[in-house]
Each structure stands twice: as structure tokens, then as C-alpha cells.
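Okay, structure first, notes after.
Residues take their numbers from the sequence shown, with the count starting at 1. Ligands are counted one by one from 1 in listed order, and the atoms in each one are counted from 1 as well.
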Amino acid sequence: MKFFVDTAETDQIAELNDLGMVDGVTTNPSLILKSGRDILEVTKEIAEMVDGPVSAEVVALKADEMIAEGRKLAAIAGNIAVKVPLTWDGLKACKVLSGEGHMVNVTLCFSANQALLAAKAGATFISPFIGRLDDINLDGMELIADIRTIYDNYGFETQILAASIRTVNHAFQAAHIGADVMTAPPSVIKKMAEHPLTEQGLKTFMADWEKTGQKIL
Ligand code: G3P
């Protein structure tokens, strides 16, 4: 499973990137706002920092304007994935931009039918939002499983990018179902390393080591 980091905070991306945990980065208008940075500048900086795809989202609502914005974003670097919303206009933009050879991430996906349309429009990535479905008492993981089945049924190459990952359980379930990629905030990725038995075991080892009176260095 590929790990994308869902943030525009460059220091946090750098920390995980140094550990080899970053296969790509996703941003959106809310994350750009949170970073307080200029979209073109911060996207360029991130794209230079990581080898994999860096998603940058268009903000126009009409296909023609999305395409123009998408071309501008794609021109920032060779590893930009243009993010377009899953609307009819977004699908038109996806078709054109992917036809021009750009990576396209179709975002705000909340149904398997939407994911099917995105694959047919040539999306590189489809981003189903797990947490936001869970927020309204629906099952985000069921959506990931449904898309996996449909894409596998027909051999679509569009990668399932599990998004709106809020918990370590989301991360586990998305991997278990076979999402190609997950994008998660750095805090969730770091939390995946935690286990109470690891902490407890380490505490015992440290106490026993102290009693030996030995040193390694
Ligand atoms: O990857 C999409 C993500 O940024 C949305 O997450 O937590 O705002 O639903 P959230």
C-alpha cells in the first residue's frame, strides 16, 4: 500500500519523507488555508521534496476553467496530480487533462457509481472520503470495498486512494480491503507505530536492563 500524506505542512512532510513513509502528498483548499501558504509556492516546494505524486486541487467549477487551472498546476512540476471534484464538469476536466498525459485525482467521491464514472473518464486516482461518510452514520469502508470489487471486475487501472482517513483503524481496514493508496494526516501515520503492549514490554526490558548494570556503549 502506498502512503500519501494529507497535508501542506512542509516540515511534517519532510519528517515522514526522511523515514521513507511518503509515496506522495495530497492537498486541498482547506489544507492550503491551514498552511497559510501560497498554493503555487507550497505545491512547488512539496513537489521538489517528494518523488511521488503531489495532488493540487483546482477551485473552478466549470470544466473549461478547471482545465486551465489544472494545466497551470500541472506545469509546476512533473509529479503533480491535478485534483478535480467529482462533478460532471470535474469528469469532463478529468477526461481532457488525463488525455494530455497529466495525472488526475478525482476527489470528493462518496459512491461506487461516482468511482465508476471517474475510472471511465481516465482518473489516475479516485478519492473516496471515508471519515466523512462515517460522520453521517454511513460506512466508508463499505464504499472502499465496493469500489475495489467494481474496479477488479473490469480491470480498471484507476488507483483507489482512501481519503479522509481519521483513525488507525481506518488505515488498517483500507489496507485490508486492498485500497491502492491511503492518504492520512501525519498524526495518524505516526500513531500506527503505537501499541500499549510495545510500551509495556519496553518498560520491563528497560527495568531489567538497569538491573544488569551493563552498558552497550
Ligand atoms: O483527503 C481528504 C481529506 O483532506 C479530508 O479529510 O478529515 O477533512 O474529512 P477530512
If we only consider heavy atoms of Asp6, is any one of them less than 4.0 Å away from an atom in ligand 1?
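It does; at least one heavy atom falls under 4.0 Å.
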
Give the atoms of ligand 1, by number and element, whose distance to some non-hydrogen atom of [X] is under 4.0 Å.
X      : result
Phe129 : 2 (C), 5 (C)
Arg166 : 7 (O), 9 (O), 10 (P)
Arg132 : 5 (C), 8 (O), 9 (O), 10 (P)
Thr183 : 1 (O)

Would you check the N or O atoms of Thr26, main chain and side chain alike, for any that come under 3.5 Å of an N or O of ligand 1?
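The answer is no, given that Thr26 and ligand 1 share no N or O pair closer than 3.5 Å.
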
Below 4.0 angstrom, N of the basic side chain to O of the carboxylate: do Lys44 and Glu48 qualify?
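Result for this pair is yes, salt bridge flagged.
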
Salt-bridge test for Asp208 and Lys211: reply yes if a basic N is under 4.0 Å from a carboxylate O, no otherwise.
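Salt bridge flag = yes for Lys211 with Asp208.
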
As a check for students: among Pro29, Gly131, Ser164, identify the option with a heavy atom nearest to atom 6 (O) of ligand 1.
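Looking at heavy atoms only, Ser164 sits closest to atom 6 (O) of ligand 1.
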
Non-hydrogen atoms of Val82 and Gly70 that approach each other most closely
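It is CG2-O, 3.4 Å.
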
Over all heavy atoms of both residues, which pair between Pro85 and Met66 is shortest? Give the atoms and the distance, please.
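The answer is CG-CE, 3.9 Å.
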
Within this structure, what is the CH2-CG distance for the pair Trp209 and Leu202, rounded to the nearest 0.5 Å?
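If we round to the nearest 0.5 Å, Trp209:CH2 and Leu202:CG are 13.5 Å apart.
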
Of Thr124, Ile46, Val104, Thr26, which meets side chain to side chain contact (heavy atoms under 4.5 Å, CB included) against Ser55?
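Among Thr124, Ile46, Val104, Thr26, the one meeting side chain to side chain contact (heavy atoms under 4.5 Å, CB included) with Ser55 is Thr26.
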
Is ligand 1 under 4.0 Å from a heavy atom in the side chain of Asn28, in the backbone, in both, or in neither?
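The answer is the side chain.
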
